[in-house]
Amino acid sequence: RDSERVPFKKRVLGVVEGASFNVFIVALMLVQITMSFIDDYFNDASSPGGQWDDVLHQGAATFELVALVVFVADILVRLWLLRLNFFTVRETIRNEVVVEMDIFNTFDFFVVMIWAALFVVQKAEILDSDNNVSNLVLWLRLLRCTKAMALVSR
C-alpha cells in the first residue's frame with residue numbers, strides 16, 4: 001500500500017499548481033491591490049473620512065502583511081519543490097524538449113522579493129516617509145497583475 005501513496009512533495013505540488021490555488025492567489029492579488037488603492041485614496045490629506053481613515057488604514061496594512069506572507073510562502077514552497085526548475089519551462093517542439101526561462105515565474109520571484117524587502121524597509125522606517133518607496137511598492141503590486149493575468153489565461 002505504501003507504493004500507492006503519493007509522495008508528500010508531489011501532493012503539495014499538486015495543490016500549488018492546481019486551479020483552485022491559482023484562483024485563490026489571483027483573487028488575493030486583486031483584493032490586495034484594490035485595498036491598497038482604497039487606502040491610498042483615503043490616506044490623502046484632503047480625505048473627509050475622519051476616524052474611518054485610521055480603521056481602513058489599519059485593515060489595509062494588516063491585509064497587506066497577510067497577502068505578502070502568502071505570496072512569499074507561495075514562492076518559497078514552489079522553489080522548495082521545483083528548485084531551479086521554478087525558473088524554467090519545458091516544451092516539446094517537433095518531438096524535441098526545449099527548456100526556456102519561465103518569464104512569469106522569474107518576474108514574479110523578483111517582484112515579490114523586492115516588495116517584501118521594501119515592505120520591511122518601509123515598516124522599519126529605514127528611509128524617510130517622504131521618499132518614493134510607497135510609489136515603488138504600488139507599481140510592483142500593479143506589475144504583479146501581469147502574473148494574475150497570465151494565471152487566468154492558463
Side-chain angles (χ1 to χ4, degrees), residues 2-41 43 56-154:
D2 284 346
S3 62
E4 294 175 11
R5 294 181 65 187
V6 178
F8 178 71
K9 280 187 171 184
K10 203 168 201 168
R11 285 188 309 214
V12 173
L13 186 62
V15 169
V16 297
E17 289 188 340
S20 297
F21 187 77
N22 284 323
V23 166
F24 167 73
I25 291 294
V26 169
L28 187 61
M29 280 183 211
L30 296 175
V31 170
Q32 194 276 321
I33 289 168
T34 303
M35 289 281 296
S36 178
F37 279 125
I38 291 170
D39 181 43
D40 286 347
Y41 173 77
N43 248 353
L56 181 65
H57 181 67
Q58 287 296 79
T62 301
F63 192 81
E64 179 181 11
L65 177 61
V66 169
L68 186 58
V69 167
V70 170
F71 297 146
V72 169
D74 175 41
I75 296 284
L76 292 177
V77 166
R78 289 175 191 265
L79 281 171
W80 170 64
L81 294 170
L82 300 172
R83 294 184 173 38
L84 291 179
N85 289 331
F86 173 79
F87 299 103
T88 61
V89 62
R90 297 175 190 279
E91 294 182 75
T92 304
I93 301 173
R94 295 186 198 134
N95 296 327
E96 223 177 288
V97 176
V98 177
V99 179
E100 298 175 336
M101 182 194 303
D102 186 332
I103 193 70
F104 288 112
N105 280 352
T106 303
F107 177 75
D108 198 38
F109 171 81
F110 284 108
V111 167
V112 170
M113 293 306 144
I114 292 169
W115 178 19
L118 289 174
F119 183 83
V120 169
V121 165
Q122 194 175 30
K123 295 304 174 193
E125 296 179 0
I126 295 170
L127 300 173
D128 293 335
S129 61
D130 292 339
N131 62 27
N132 290 328
V133 172
S134 295
N135 289 337
L136 184 56
V137 169
L138 182 61
W139 280 106
L140 287 173
R141 289 180 192 142
L142 289 173
L143 289 173
R144 272 210 91 213
C145 283
T146 61
K147 171 72 180 223
M149 295 308 132
L151 288 173
V152 168
S153 69
R154 288 183 185 173

Can you tell me how far apart CE (M29) and CZ (F24) are? Round to the nearest 0.5 Å. 10.5 Å
Crowded around E100 CD? As in, over 12 foreign heavy atoms under 6.0 Å? yes
Between CG of L79 and CZ of F87, what distance do you get to the nearest 0.5 Å? 5.0 Å
Could you tell me if the side chain of R78 sits less than 4.5 Å from the side chain of V12, heavy atoms only? no
Run through L28, L65, I75 and flag the one making a side chain to side chain contact (heavy atoms under 4.5 Å, CB included) with V70. L28
After noting the C-alpha distance and the side-chain angles of E17 and L82, does the key distance pass the side chain to side chain contact (heavy atoms under 4.5 Å, CB included) rule? CA-CA 11 Å; E17 289 188 340; L82 300 172; 4.0 Å; yes
Sub-4.5 Å side-chain heavy-atom contact between D102 and F107: no
Closest contact, heavy atoms only, R11 versus V6: CG-CG1, 3.6 Å
Is there a donor-acceptor pair closer than 3.5 Å between any side-chain N or O of R90 and the backbone N or O of V98? no
Report, as yes or no, whether the 6.0 Å neighbourhood of atom CE on M101 holds more than 12 heavy atoms from other residues, nucleotides or ligands. no
Taking the side chain as every heavy atom from C-beta outward, state whether Q32 and E64 have any atom pair closer than 4.5 Å. yes
If you apply the rule side chain to side chain contact (heavy atoms under 4.5 Å, CB included), what do you find for W115 with V72, and how did you get there? CA-CA 10 Å; W115 178 19; V72 169; over 6 Å; no
Counting distance only, does the side-chain N/O of N105 pair as donor-acceptor with the main-chain N or O of F86 below 3.5 Å? yes
Would you name the heavy atoms of L68 and V112 that are closest together and state the gap between them? CD1-O, 4.4 Å
Quickly, which of V89, T88, L81 forms a side chain to side chain contact (heavy atoms under 4.5 Å, CB included) with N85? Name it, please. T88
Value rounded to 0.5 Å, distance of CG in D74 from CZ in F109: 12.5 Å
Atom pair CE (M35) and CG (L30), whose distance is rounded to the nearest 0.5 Å: 13.5 Å
Crowded around I93 CD1? As in, over 12 foreign heavy atoms under 6.0 Å? yes
